[in-house]
Amino acid sequence: MIWIGRASVLVMTIAVLAACTTAPAPRDHPRPSAGSAPWGTVTGTVRTTAGRPAPGVLVVPTAAGASTPPAPEKAVRTDDAGHYRWQLMPGRYVLAARHADRVSAGVTVTVTAGQRAYADLTID
């Protein structure tokens with residue numbers, strides 16, 4: 001009986017320690033959280049060369065300088081009106097729109113903490 005009691009205490013201790021331990025967020029791909037001030041927002045519209053909204057297009061950021069944190073390894077997709085919105089760490093980024101084999105020219109944008117920047121893109 002004493003062995004069962006000690007085993008129970010050991011299992012409960014391990015469970016409590018595991019519940020208290022959390023893995024740190026990856027440094028190269030930080031995620032915005034509610035109320036986190038260091039993030040800035042980039043919004044814009046992707047249009048075709050004919051001036052129509054381009055829905056379903058991927059907008060991909062790339063860090064434009066050594067002092068800019070790496071851009072997330074993902075993209076955002078434009079909505080039905082061609083609008084997109086990104087939350088990024090402060091720095092300079094080159095944004096490009098991609099759809100199938102079409103790619104827009106890159107647009108450089110500076111992201112400032114707590115501020116909104118605008119960058120419109122045109123895709124062929």
* To do: Give the intermediate values and the outcome of side chain to side chain contact (heavy atoms under 4.5 Å, CB included) for residues W86 and T43.
  => CA-CA 6 Å; W86 258 112; T43 62; over 6 Å; no
| Quick check: does any side chain N or O of T41 sit under 3.5 Å from a backbone N or O of Q87, one acting as donor and the other as acceptor? | no
What one should report as the nearest heavy-atom pair of L121 and A96 is CD1-C, 4.1 Å
Q. Any chain of hydrophobic side-chain contacts (each under 4.5 Å) joining V59 to I123?
A. yes
Here the pair of heavy atoms bringing V109 nearest to A117 is CG2-CB, 3.6 Å
Here the pair of heavy atoms bringing V107 nearest to A119 is CG1-CB, 4.1 Å
Closest heavy-atom pair, P90 versus P38, reported as atoms and distance to 0.1 Å, is CD-O, 2.8 Å
Contacts of T45 meeting side chain to side chain donor-acceptor pair (under 3.5 Å) (sequence neighbours excluded), chain-then-number -> H83
- Query: Within the side chain of T48, is there an N or O that forms a donor-acceptor pair under 3.5 Å with the backbone of A54?
  - Reply: no
Heavy-atom nearest pair, A63 first then P70, reads CB-CA, 4.4 Å
Check: Just by modelled atom types, is the V57 backbone N or O under 3.5 Å from a matching donor or acceptor in the R77 side chain?
Finding: no
Between T122 and S104, does a side chain to side chain contact (heavy atoms under 4.5 Å, CB included) hold up when you go through it step by step?
CA-CA 6 Å; T122 302; S104 74; 5.8 Å; no
**Study point:** Any V42 side-chain heavy atom under 4.5 Å of V111 side chain
**Key:** yes
So the side chain to side chain donor-acceptor pair (under 3.5 Å) pairs with at least one residue in residues 90-100 (sequence neighbours excluded) are H99-R102
Taken to the nearest 0.5 Å, the spacing of T112 OG1 from W39 CH2 works out to 14.5 Å
Please answer: with hydrophobic residues joined when any side-chain heavy atoms are less than 4.5 Å apart, are L58 and V46 in the same cluster?
-> no
Smallest heavy-atom separation, G82 atom then P53 atom, equals N-CB, 4.0 Å
d(L95 CG, L88 CG) to nearest 0.5 Å is 7.5 Å
